[in-house]
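Numbering starts at 1 and runs along the sequence shown. Note that these values count all heavy atoms, side chains included, but never hydrogens, waters or copies made by symmetry.
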Amino acid sequence: MSLTRLTAVEQADLLARKQVSSEELTQAHLDRIDEVDSHVHAFLAVSPDQALAEARSVDHDRATNQDLPPLAGVPIAVKDLLATKGIPTTAGSKILEGWIPVFDATVVRKVKQARMPILGKTNLDEFAMGSSTEFSAFGPTHNPWDLTRIPGGSGGGSAAAVAAFEAPLALGSDTGGSIRQPAAVTGTVGAKPTYGGVSRQGGVALASSLDQVGPAARTVLDAAYLHEAIAGWDPKDSTSLNEPPPAIVHAAKLGAQGDLTGMRIGVVTQLKGEGYEPGVLQRFEEALETLRGLGASIEEVDCPSFDYSFAAYCLIMASEASSNVARFEGIRHGLRVGEDEPGATAMTMMSATRAAGFGPEVKRRVILGTYALSAGYYDAYYGSAQKVRTLIQRDFAAAWEQTDALVTPATPFTAFPLGEKVENPLAMYLCDLATIPSNLAGIPGMSLPSGLVDGLPAGIQVLAPVRRDEVMYRVAAALEAALTAQWGSPLWANAPDILRQSGKEDAR
Ligand code: GLN
């Protein structure tokens with residue numbers, strides 16, 4: 001079997017037993033990228049020289065029996081929203097084209113400390129605004145399960161890279177669902193940690209009170225290892241939690257033993273009815289049965305304020321986004337347009353740069369957010385949305401009185417055809433119906449495969465109380481183990497061949 005089809009944990013194991021070198025492993029992934037990425041377009045930039053140099057350095061340290069972290073030598077892809085020293089970082093926007101950061105985001109630094117070779121930067125919707133990667137200024141990513149469909153967004157590149165065996169692991173960021181929704185529609189696993197559990201420093205901000213960096217992987221245990229490698233306090237991020245991260249790898253291993261006896265799992269009434277595809281709901285109901293079989297009790301939980309979470313999210317996200325992207329003005333980074341025009345001033349240059357550099361979705365959100373924050377409307381829109389946010393947090397607090405974890409379908413529908421919703425922003429925003437409440441409340445959430453609907457992956461979401469990420473990993477790992485046993489193999493192992501879809505024979 002090809003090395004690229006192994007999980008990250010299996011790869012780490014082979015490395016530790018010196019049965020494969022990191023150079024071979026990294027080269028195998030670079031070859032896979034060469035083979036399929038012209039069809040998938042998961043990557044905006046590939047960095048073979050840096051990746052191989054790090055791989056050789058890990059191999060050298062292993063040969064000389066030095067102590068190495070658990071994922072040392074396992075390659076990774078990084079969402080192009082996270083600053084990487086010496087590697088271009090675009091955030092999917094033309095306005096940053098040509099910007100080469102002089103620093104690493106804290107999570108990138110941690111990945112380097114974990115000794116993981118960085119394969120390259122993955123595609124995303126511009127400034128992480130979107131649910132399909134179609135708002136990337138550099139063209140969309142294609143879903144490895146069906147190249148004519150969306151891979152989710154904004155982190156479609158990271159999820160597709162993992163689903164297409166171009167990388168065993170990837171980093172993403174989740175403001176309203178951008179790690180979990182792409183995971184759901186590509187048959188992979190994606191986790192949004194507790195807000196503050198992983199540093200946001202060096203990530204290009206969309207909405208600072210909602211953004212959270214997290215892992216994309218094929219298995220829950222792989223995600224746990226990456227999560228643990230990037231978690232922890234960062235003095236450079238004022239919202240970072242100054243406490244030891246939860247023991248998530250341990251929890252994932254415990255969960256995989258398949259016993260959830262005594263665990264109380266809630267199903268949110270508001271997150272499984274209208275707007276959800278029947279096939280997605282059916283896979284969800286079956287997963288509930290499986291959870292019962294593992295010893296968990298299932299009860300319905302009412303969260304009435306969740307009906308307003310979508311509206312509150314749109315206002316808070318757009319308000320914060322409009323002020324965050326105001327820093328792009330053609331002076332400090334990337335693109336500059338119109339400075340040589342006759343009569344040009346700083347103002348005309350900034351306005352010409354933004355007109356040329358921002359895509360339609362970014363402009364839409366800047367207009368919406370600026371309006372919501374303007375003097376006469378602030379209380380009516382932004383202020384009301386913040387009140388709703390408090391009500392949502394209270395609904396969660398009440399739910400935790402009765403339950404240990406909550407489950408919902410991760411997304412209302414499976415991957416839709418490229419182009420279907422790109423002209424309809426409201427329909428696009430609805431992809432995140434089930435994922436948004438956890439961003440508003442700062443709680444951890446993750447998506448794992450629940451099965452196929454007409455040949456396309458669907459996801460189930462597990463939510464846990466704030467700072468209790470380990471509960472989410474335990475439930476998810478138990479469910480994953482039971483579902484994999486039912487199916488006879490992991491869902492991701494059965495994705496259709498990419499080269500055959502594109503009319504060529506797959507080499508594997
Ligand atoms: N799809 C959502 C949006 O467009 C979420 C984006 C994200 O999580 N970065 O805002």
Side-chain angles (χ1 to χ4, degrees), residues 4-5 7-8 29 32-33 36-37 39-44 75-82 92 119-125 128 130-136 139-147 149-192 212-220 222-223 226-227 410-411 413-416 418 428 431-432 434-435 445-450 452 456-461 476 480 490-496 498:
T4 56
R5 296 182 71 87
T7 67
H29 287 94
R32 177 70 180 165
I33 295 171
V36 298
D37 208 53
H39 307 293
V40 179
H41 193 227
F43 284 86
L44 290 179
I76 186 169
V78 174
K79 187 178 186 181
D80 203 24
L81 189 85
L82 299 163
L119 295 165
K121 305 296 294 289
T122 57
N123 198 13
L124 69 156
D125 289 291
S131 299
S132 68
T133 73
E134 292 167 293
F135 293 129
S136 166
T141 297
H142 300 257
N143 191 321
W145 284 79
D146 177 345
L147 296 172
R149 289 174 187 265
I150 61 111
S154 65
S158 283
V162 168
F165 306 102
E166 295 173 90
L169 292 168
L171 287 177
S173 68
D174 191 307
T175 306
S178 282
I179 297 176
R180 290 164 288 165
Q181 182 256 0
V185 300
T186 58
T188 57
V189 171
K192 179 199 98 70
Q212 190 53 204
V213 176
R218 288 191 291 268
T219 71
V220 174
D222 283 3
L226 179 55
H227 188 157
T411 55
F413 28 77
T414 56
F416 45 89
L418 286 156
M428 191 72 96
C431 296
D432 295 318
T435 43
M446 86 190 284
S447 175
L448 68 149
S450 63
L452 295 178
L456 294 170
I460 176 167
Q461 176 178 231
E480 173 187 61
L491 194 83
W492 48 263
N494 302 310
I498 291 167

State the CG-OG distance between L124 and S178, to the nearest 0.5 angstrom.
8.5 Å
Worked verdict on T414 versus W145 for side-chain contact (heavy atoms from CB on, under 4.5 Å):
CA-CA 11 Å; T414 56; W145 284 79; over 6 Å; no
Using 0.5 Å steps for rounding, measure from the CD1 atom of I498 to the CZ atom of R32.
5.0 Å
For G152 and V185 the tightest heavy-atom approach is N-CG2, 3.6 Å
Under the side-chain contact (heavy atoms from CB on, under 4.5 Å) criterion, do V162 and L169 qualify, and how do the steps go?
CA-CA 6 Å; V162 168; L169 292 168; 5.6 Å; no
Which heavy atom in T141 sits nearest to a heavy atom in A160, and how many Å separate them?
CG2-CB, 3.6 Å
Looking only at non-hydrogen atoms, find the nearest pair between P449 and I460 and report the distance.
O-CG2, 4.4 Å
With a 4.5 Å limit on heavy-atom distance, are the side chains of Q181 and S447 in contact?
no
Taking all non-hydrogen atoms of both residues into account, name the closest pair between L171 and S158 and its distance.
O-OG, 2.8 Å
Does the side-chain contact (heavy atoms from CB on, under 4.5 Å) test come out yes or no for W492 and R5, once each step is laid out?
CA-CA 10 Å; W492 48 263; R5 296 182 71 87; 5.5 Å; no
If we only count heavy atoms from C-beta on, is the P144 to F165 side-chain gap below 4.5 Å?
no
How about N123 and T133: does a side-chain donor come under 3.5 Å of a side-chain acceptor?
no
Could you check D125 against S132 for side-chain contact (heavy atoms from CB on, under 4.5 Å), going step by step and ending with a plain yes or no?
CA-CA 7 Å; D125 289 291; S132 68; 4.2 Å; yes
Check whether any side-chain heavy atom of D80 lies under 4.5 Å from a side-chain heavy atom of T122, and answer yes or no.
no
Side chain D37, main chain F43, donor-acceptor under 3.5 Å:
yes
Can you tell if the side chain of D432 reaches within under 4.5 Å of the side chain of S131, non-hydrogen atoms only?
yes
Tell me, do P457 and L491 make a side-chain contact under 4.5 Å, heavy atoms counted?
yes
Shortest non-hydrogen contact from L418 toward P140
CD2-CB, 3.9 Å
Test your reading of the model: is there a side-chain donor-acceptor pair from K121 to the backbone of L82, 3.5 Å cut-off?
yes
Can you find a heavy atom in the side chain of D174 that is under 4.5 Å from one in the side chain of M446?
no
So, does K79 use its side chain to make a donor-acceptor pair with the main chain of S173 at under 3.5 Å?
yes
Check P75 against H29 and note the closest heavy-atom contact, atom names and distance.
CG-ND1, 3.5 Å
Are the side chains of E166 and I33 in contact, using a 4.5 Å heavy-atom criterion?
yes
Minimum side-chain heavy-atom gap E480-T219 below 4.5 Å:
yes
Rounded distance [0.5 Å steps], NE2 in H142 versus NE2 in H39
10.0 Å
